[in-house]
**Student:** 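The structure that follows is given in the form of structure tokens.
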Amino acid sequence: MSETHRQILPIPDVRRLGPITYEAKDPDTSFPPIRPLLPPEQAPNVMLIMLDDVGLGAPGTFGGPCETRVFDRLAHNGLRCIRFHTTALCSPSRAALLSGRNHHSVGMGGVTEIATSAPGCNSTRPNTKAPLAEILELNGYSTAQFGKCHEVPVWQTSPVGPFDAWPTGGGGFEYFYGFIGGETNQYEPALYEGTFLFSADETADVGLDTGTPVAPDYVSPDGVFTGDIHWVQVDTGPNDADHFIRPEDRIHIAMGRQ
């Protein structure tokens, strides 16, 4: 297989050389196989973990109180990074780490909530500064971001977009699961999958299907109104029906995208 030239991204398509035939039975009809774009041989997996409000004084690796056995093991084997120039703020640190560039050069002079139109402080990454995730993706990597995303301009954080600055929009990630902005409710978080919002009230009480279709004025077999009625849509085929769920059978789950 010919070498994939990765000096230009996206990697240019390889033009087919040879005669153009008009019938599959023509002996000159020959086409090269479709080859998926893959990372270079022996390319490493890349995992980047960012923790807000944590410095070198926190992990046990550097003498802190937090037990970090994996970090300790990596450091013991020689991997000890101590020259990251932190900006002491969330959005700028994240923008610098995700792009490999000075935070002002990617428009993140402060957190997104205090952005202005001043150069270097508008929270908008110029299209001349590609994020590292996009470079990996264009080289055949599968990319994903999980957790907090504090790199989207505040006027673009609506569920209706625009999504150019979102992880799966222009951030170079194929998949995202987490929340947008500096914070969210820890008990009922506003979580997104890609750009799809899992709102806090997208939950349902689900339990064992008794197989008994009921009406809102359901009365139990002993003639006593049950009071607290819980419903669930049970898929049973073309003639789906709502079935009564006993409170003692309930479990609580988050509903995913249908």
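We're numbering straight along the sequence, starting at 1. Values in this document were obtained by computation on a predicted structure and should not be read as measured data. Side-chain atoms are counted along with the backbone in the values below, which use heavy atoms only and exclude waters and symmetry mates.
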**Student:** As an exercise, state the distance from OG of S93 to CE of M108, rounded to the nearest 0.5 Å.
**Tutor:**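 One finds 10.5 Å between OG of S93 and CE of M108.
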
**Student:** Does T61 offer a backbone N or O that forms a donor-acceptor pair with the side chain of D72 under 3.5 Å?
**Tutor:** yes

**Student:** Are any non-hydrogen side-chain atoms of T112 and V152 less than 4.5 angstrom apart?
**Tutor:**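 No, every pair of side-chain atoms sits at 4.5 Å or beyond.
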
**Student:** How far apart are the closest heavy atoms of P189 and T184, and which atoms are they?
**Tutor:** CA-OG1, 3.6 Å

**Student:** So, for G170 and P131, which heavy atoms are closest and what is the spacing to 0.1 Å?
**Tutor:**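 The pair with the smallest heavy-atom distance is O-CG, 3.8 Å.
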
**Student:** Indicate yes or no: at least one non-hydrogen side-chain atom of E151 is less than 4.5 angstrom from one of S91.
**Tutor:**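 They are not in contact (no side-chain heavy atoms under 4.5 Å apart), so the answer is no.
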
**Student:** Report yes if some heavy atom in the side chain of M50 is under 4.5 Å from a heavy atom in the side chain of H150; otherwise report no.
**Tutor:**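 Contact flag for M50/H150 side chains = no.
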
**Student:** Hey, could you give me the CG/CZ distance between L191 and F179, rounded to the nearest 0.5 Å?
**Tutor:** 8.5 Å

**Student:** Please step through side chain to side chain contact (heavy atoms under 4.5 Å, CB included) for the pair E174 and T168, ending with a clear verdict.
**Tutor:** CA-CA 5 Å; E174 297 174 308; T168 55; over 6 Å; no

**Student:** Mind checking whether L197 and Y187 sit in one hydrophobic cluster, side chains of I, L, V, M, F, W, Y counted as touching below 4.5 Å?
**Tutor:**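 No, no single cluster joins them.
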
**Student:** I want to check something: taking the side chain as every heavy atom from C-beta on, are P167 and Y177 in contact at a cut-off of under 4.5 Å?
**Tutor:**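 No, side chains not in contact.
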
**Student:** So, taking the atom named CG in L38 and the one named OH in Y141, what distance separates them when rounded to the nearest 0.5 Å?
**Tutor:**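 L38 CG to Y141 OH: 11.0 Å, rounded to 0.5 Å.
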
**Student:** Evaluate the criterion side chain to side chain contact (heavy atoms under 4.5 Å, CB included) for residue pair I11 and L37; output intermediate values, then yes/no.
**Tutor:** CA-CA 9 Å; I11 296 173; L37 176 62; 3.6 Å; yes

**Student:** Considering all heavy atoms of both residues, which atom of S105 and which atom of P126 are nearest to each other, and what is their separation?
**Tutor:** O-CG, 3.5 Å

**Student:** For the CD1 atom of I135 and the OG1 atom of T143, what is their distance to the nearest 0.5 Å?
**Tutor:** 12.0 Å

**Student:** Under 4.5 Å between any side-chain heavy atoms of K148 and R94, yes or no?
**Tutor:** yes

**Student:** Closest approach of P153 and S123, non-hydrogen atoms and distance?
**Tutor:** CG-O, 3.3 Å

**Student:** Are L136 and F176 grouped together when hydrophobic residues (ILVMFWY) are joined by side-chain heavy atoms under 4.5 angstrom apart?
**Tutor:** no

**Student:** Using atom types as modelled and distance alone, determine if a side-chain donor or acceptor of T124 lies under 3.5 Å from a backbone N or O of N122.
**Tutor:**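 Yes.
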
**Student:** Quick one: does F173's side chain get under 4.5 Å of E137's, heavy atoms only?
**Tutor:**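 No - every pair of side-chain heavy atoms lies 4.5 Å or more apart.
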
**Student:** Given 3.5 Å as the limit, does a donor-acceptor pair link the side chain of T29 with the main chain of K25, or not?
**Tutor:**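 Between the backbone of K25 and the side chain of T29 there is no qualifying donor-acceptor contact (under 3.5 Å).
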
**Student:** Any donor and acceptor pair, going by atom type alone, linking the side chain of S99 with main-chain N or O of V106 inside 3.5 Å?
**Tutor:** no

**Student:** Tell me if a side-chain donor or acceptor on R6 pairs with a main-chain N or O of N139 at a distance below 3.5 Å.
**Tutor:** yes

**Student:** Kindly compute the distance separating CD1 (I49) from CG (L97), expressed to the nearest 0.5 Å.
**Tutor:** 11.5 Å

**Student:** Please check this pair: side chain of D26 against backbone of Y22, looking for a donor-acceptor N/O pair closer than 3.5 Å.
**Tutor:**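 No, because the side chain of D26 does not come within donor-acceptor range (under 3.5 Å) of the backbone of Y22.
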
**Student:** Walk me through whether F71 and F62 qualify under side chain to side chain contact (heavy atoms under 4.5 Å, CB included).
**Tutor:** CA-CA 10 Å; F71 289 168; F62 298 97; over 6 Å; no

**Student:** Side chains of T87 and H103: do they bring a donor and an acceptor to under 3.5 Å?
**Tutor:** no

**Student:** Just by distance, do the side chain of R73 and the backbone of T68 share a donor-acceptor pair under 3.5 Å?
**Tutor:** no

**Student:** So, do Y175 and F146 sit near enough that their side-chain heavy atoms are less than 4.5 Å apart?
**Tutor:** yes

**Student:** In terms of the angle between their ring planes, are W166 and Y192 parallel, tilted or perpendicular, with boundaries placed at 30° and 60°?
**Tutor:**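 It falls in the perpendicular class, over 60°.
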
